[in-house]
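Have a look at the structure below before the remarks.
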Amino acid sequence: MDTQVKQIAELLKVLANESRLLIFCGLMEHPMTVSEIAKCVPDISLPALSQHLNLLKAHGILDCVKSGLNVTYSIADRRVDEVINTLKKYYCN
């Protein structure tokens, strides 16, 4: 039980960020390129967005596919969909 509680706490720490929540709100609709994701997160620099995406990817929450110059991100951990769906009715526009 301790391991499961630690995993849940770690996931919630990663999700508990306004920019990352906005990233998920966009990605729940469909996979997106970095430039498309940037439109979902107002007032964020591309380096900051890249750091958020890398953190989410490192935790196995996002997956990405590179095609030429474009990198398309999608949600890899479907359990996150359930968490975000619950939050979406209160948080996402």
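FYI, side chains are in, hydrogens and waters are out, and symmetry mates aren't considered; it's all heavy atoms of this structure. Source: prediction; values computed, not measured.
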In Å, rounded to the nearest 0.5 Å, how long is the span from CG of L22 to CG of L49?
11.0 Å

Counting only N and O atoms by type, is there a donor-acceptor contact under 3.5 Å from the side chain of R20 to the main-chain atoms of V14?
yes

Apply salt bridge (Lys or Arg N to Asp or Glu O under 4.0 Å) to D63 and list each qualifying residue two or more places apart in sequence or on a separate chain.
none

How many angstroms lie between atom CG of L53 and atom CG of L56, to the nearest 0.5 angstrom?
6.5 Å

Which heavy-atom pair separates A76 from G60 by the least distance, and what is that distance?
CB-O, 3.7 Å

Begin with the C-alpha distance, continue with both residues' side-chain angles, and end with the deciding distance and a verdict on side chain to side chain contact (heavy atoms under 4.5 Å, CB included) for L11 and Q7.
CA-CA 6 Å; L11 174 64; Q7 289 174 344; over 6 Å; no

Please report the interatomic distance CD(E36) to CG(N70), rounded to the nearest 0.5 Å.
8.5 Å

State, with a plain yes or no, whether a side-chain heavy atom of V83 is found less than 4.5 Å away from one of F24.
no

Rounded to the nearest 0.5 Å, what separation is found between the NE2 atom of H52 and the CG atom of N54?
11.0 Å

Cluster companions of V65 among Ile, Leu, Val, Met, Phe, Trp, Tyr (side-chain spacing under 4.5 Å)
none

Pairwise distance CG(L62) to OG1(T72) - rounded to 0.5 angstrom:
12.0 Å

Nearest 0.5 Å please: distance from the CD1 atom of I75 over to the CE atom of M28.
6.0 Å

Quick one: side chains of residues 38-46, donor-acceptor pairs under 3.5 Å with protein atoms, not counting sequence neighbours, listed by atom name and distance.
{"unit_1": "S45", "atom_1": "OG", "unit_2": "A48", "atom_2": "N", "d": "3.2"}

To check you understand the geometry: which heavy-atom pair defines the closest contact between C64 and K57, and what is its length?
SG-NZ, 3.3 Å

